[in-house]
Novice: 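Let me give you the structure first, and then I'll get to my questions.
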Amino acid sequence: MELVIAENLVDAGVLAGQIMADHVRAGARSIGLATGSSPLGAYREMIRQYNDDELSFEGVQAFLLDEYIGLPAGHPQSYRQFIRDEFVSYVNFDDALVHTPDGSAADIPAAAADYERTIAENGPVAVQILGIGANGHLGFNEPGSSLRSRTRVKTLTPQTREDNARFFDNDLSKVPTHVLTQGLGTISDAEHLVMIAIGMGKAEAVAAAVEGPVSAYCPASILQMHPHVTVIVDPSAASYLKSVDYYRFAFENKPAWQNF
Ligand code: GLP
């Protein structure tokens, strides 16, 4: 695992965006996208590179981590719409190649199985960007999620619903209680995981994920079991890490030949 302590939110986003763009230029056919505020800087960097003719998403498939259950298609807070509004509509993604779990399906278990099948048919995902919940969730894998789980329904914790109420007019009753999310096993199948965490509110979760025990209670601790992980944090999100000096030293002395 590589731990990068960026100067600030902007630098963190640019670095994450560069990593994803490098994968696409290197021929990635599938990439993994995430919602939330954490990946927005990475999307901005990729949009900039696209506008400067440095990057093209022609033929690239994108897989989102998760989706709310019960929001009608096109709902502004559905993750499908979010990723259009924040990223894919600004670049040359084919909308038909942008995949999300179908949270409006009549048969949710079948939608979960379909999503797994689509990823398997088009995978492996070369690079997956991730945020982390304040409670350590990845995607919507809340504490207690099986470390080998696949795409399935999850019930949101009260904390996650409260955290996300800001997107629903601060009205908790509008926040769905259930979601479809890639499992921790599904996420782990991606070849390179890039997690980005910004701010003091994520400091505890980052420390638990990176330096704590591997435990279903901190779903993001599954990163410790993956062969290729980059965690990008700002100084606040690094506040509770024990080995900050080592992480800085390793990054400053990274061999030039070591890509990504
Ligand atoms: C949301 C998403 C996660 C995201 C997390 C943090 O609920 N399902 O994929 O990483 O919460 O969001 P933010 O980046 O806005 O803090």
Novice: Same cluster or not: are Val125 and Ile129 linked, directly or through other Ile, Leu, Val, Met, Phe, Trp or Tyr residues, by side-chain heavy atoms under 4.5 angstrom apart?
Specialist: yes
Novice: Taking side-chain hydrogen bond (donor to acceptor under 3.5 Å, both in side chains) as the test, write out the residues that go with Asp114, two or more places apart.
Specialist: Arg117
Novice: Do you know the tightest heavy-atom contact between Leu9 and Asp234?
Specialist: N-CB, 4.5 Å
Novice: Rounded to the nearest 0.5 Å, what separation is found between the CZ atom of Phe63 and the OG1 atom of Thr186?
Specialist: 11.5 Å
Novice: Same cluster or not: are Leu184 and Val210 linked, directly or through other Ile, Leu, Val, Met, Phe, Trp or Tyr residues, by side-chain heavy atoms under 4.5 angstrom apart?
Specialist: yes
Novice: Do any pairs count as a salt bridge (charged side-chain N to carboxylate O under 4.0 Å, His left out) and have a residue in residues 83-100, sequence neighbours left out, and if so which ones?
Specialist: Arg80-Asp95, Arg84-Asp95
Novice: Would a 4.5 Å heavy-atom cut-off, applied to side chains only, mark Glu54 and Arg25 as touching?
Specialist: yes
Novice: Assert yes or no for the condition that the ring centre distance of Tyr50 to Phe57 is strictly below 6.0 Å.
Specialist: no
Novice: What do the steps show when you test Leu33 against Leu65 for side chain to side chain contact (heavy atoms under 4.5 Å, CB included), and what is the final call?
Specialist: CA-CA 7 Å; Leu33 304 178; Leu65 287 173; over 6 Å; no
Novice: Check whether the side chains of Glu142 and Thr160 place a donor and an acceptor atom closer than 3.5 Å, and report yes or no.
Specialist: yes
Novice: Of all the heavy-atom pairs spanning His75 and Phe168, show the shortest one and how long it is.
Specialist: CE1-CE2, 4.1 Å
Novice: Working to the nearest 0.5 Å, report the span between CD of Gln49 and CG of Asp52.
Specialist: 8.0 Å
Novice: Got a second to check how far Gln159's CD is from Asn164's CG, nearest 0.5 Å?
Specialist: 10.0 Å
Novice: Using a distance-only test with no angle check, is there a side-chain donor-acceptor pair under 3.5 angstrom linking Asn122 and Ser30?
Specialist: no
Novice: I'd like a table of donor-acceptor pairs (distance under 3.5 Å, sequence neighbours excluded) in which one partner is a side-chain atom from residues 196-205, with atom names and distances.
Specialist:
unit_1, atom_1, unit_2, atom_2, d
Lys202, NZ, Ile132, O, 3.0

Novice: Group every Ile, Leu, Val, Met, Phe, Trp and Tyr by side-chain heavy-atom contacts under 4.5 Å, then state whether Ile69 and Tyr79 land in the same group.
Specialist: no
Novice: Any side-chain donor-acceptor pair under 3.5 Å between Tyr217 and Asn135?
Specialist: no
Novice: From Gln77 CD over to Asp169 CG, what is the distance, rounded to the nearest 0.5 angstrom?
Specialist: 8.5 Å
Novice: Step through it carefully: locate the ring centre of Phe251, locate the ring centre of Tyr246, and say whether they are under 6.0 Å apart.
Specialist: no
Novice: Are Phe87 and Phe82 close enough that their ring centres sit under 6.0 Å apart?
Specialist: no
Novice: Grab the two heavy atoms, one from Gly139 and one from Asp66, that are nearest each other, plus how far apart they are.
Specialist: C-OD2, 3.1 Å
Novice: Side chains of Met46 and Met20: closer than 4.5 Å at any heavy-atom pair?
Specialist: yes
Novice: Can you give the donor-acceptor pairs under 3.5 Å from side chains of residues 36-43 to other protein atoms, not counting sequence neighbours?
Specialist:
unit_1, atom_1, unit_2, atom_2, d
Tyr43, OH, Ala34, N, 2.8
Tyr43, OH, Ala34, O, 2.6

Novice: Scan side-chain atoms only and decide if Ser239 and Ser236 contain a donor-acceptor pair under the 3.5 Å cut-off.
Specialist: no
Novice: Identify all side-chain donor-acceptor contacts of residues 221-231 below 3.5 Å with residues at least two apart in sequence or on another chain.
Specialist:
unit_1, atom_1, unit_2, atom_2, d
Ser221, OG, Ser215, N, 2.9
Ser221, OG, Ser215, O, 3.1
Ser221, OG, Cys218, O, 2.6
Gln224, NE2, Ala209, O, 2.7
Gln224, NE2, Gly212, O, 3.0
His226, ND1, His228, N, 2.9
His226, ND1, His228, O, 3.2
His226, NE2, Ser188, O, 3.2
His226, NE2, Ala190, O, 2.6
His228, NE2, His192, NE2, 3.4
Thr230, OG1, His192, NE2, 2.8

Novice: State the OG-CD1 distance between Ser89 and Ile47, to the nearest 0.5 angstrom.
Specialist: 7.5 Å
Novice: Using side chain to side chain donor-acceptor pair (under 3.5 Å), reason through Arg152 and Ser145 one step at a time and then give a plain yes or no.
Specialist: CA-CA 11 Å; Arg152 70 217 182 288; Ser145 290; 3.3 Å; yes
Novice: Could you walk me through whether Thr100 and Glu67 pass the side chain to side chain donor-acceptor pair (under 3.5 Å) test, one step at a time?
Specialist: CA-CA 7 Å; Thr100 48; Glu67 182 58 283; 4.6 Å; no
Novice: Within a strict 4.5 Å, meaning less than it, do heavy atoms of the Glu45 and Gln18 side chains meet?
Specialist: yes
Novice: Stepwise, does the side chain to side chain donor-acceptor pair (under 3.5 Å) test hold for Ser243 with Asp245?
Specialist: CA-CA 6 Å; Ser243 299; Asp245 291 345; over 6 Å; no
Novice: Quick one about Thr151 and Gln182 (side-chain donor to acceptor, distance below 3.5 Å, no hydrogens or angles considered), yes or no?
Specialist: no
Novice: At what distance, to the nearest 0.5 angstrom, does CD1 of Ile119 lie from CD1 of Ile187?
Specialist: 9.0 Å
Novice: Could you report the tightest heavy-atom contact between Asn92 and Ser56, atom names first, then the distance?
Specialist: ND2-OG, 2.9 Å
Novice: Mind checking whether Val233 and Val244 sit in one hydrophobic cluster, side chains of I, L, V, M, F, W, Y counted as touching below 4.5 Å?
Specialist: yes
Novice: My understanding is that only residues two or more places apart in sequence, or in another chain, count here; which of them pass side-chain hydrogen bond (donor to acceptor under 3.5 Å, both in side chains) with Asp11?
Specialist: none
Novice: List the atom of Pro124, the atom of Glu191, and the distance in Å for their closest heavy-atom pair.
Specialist: CG-OE2, 3.4 Å
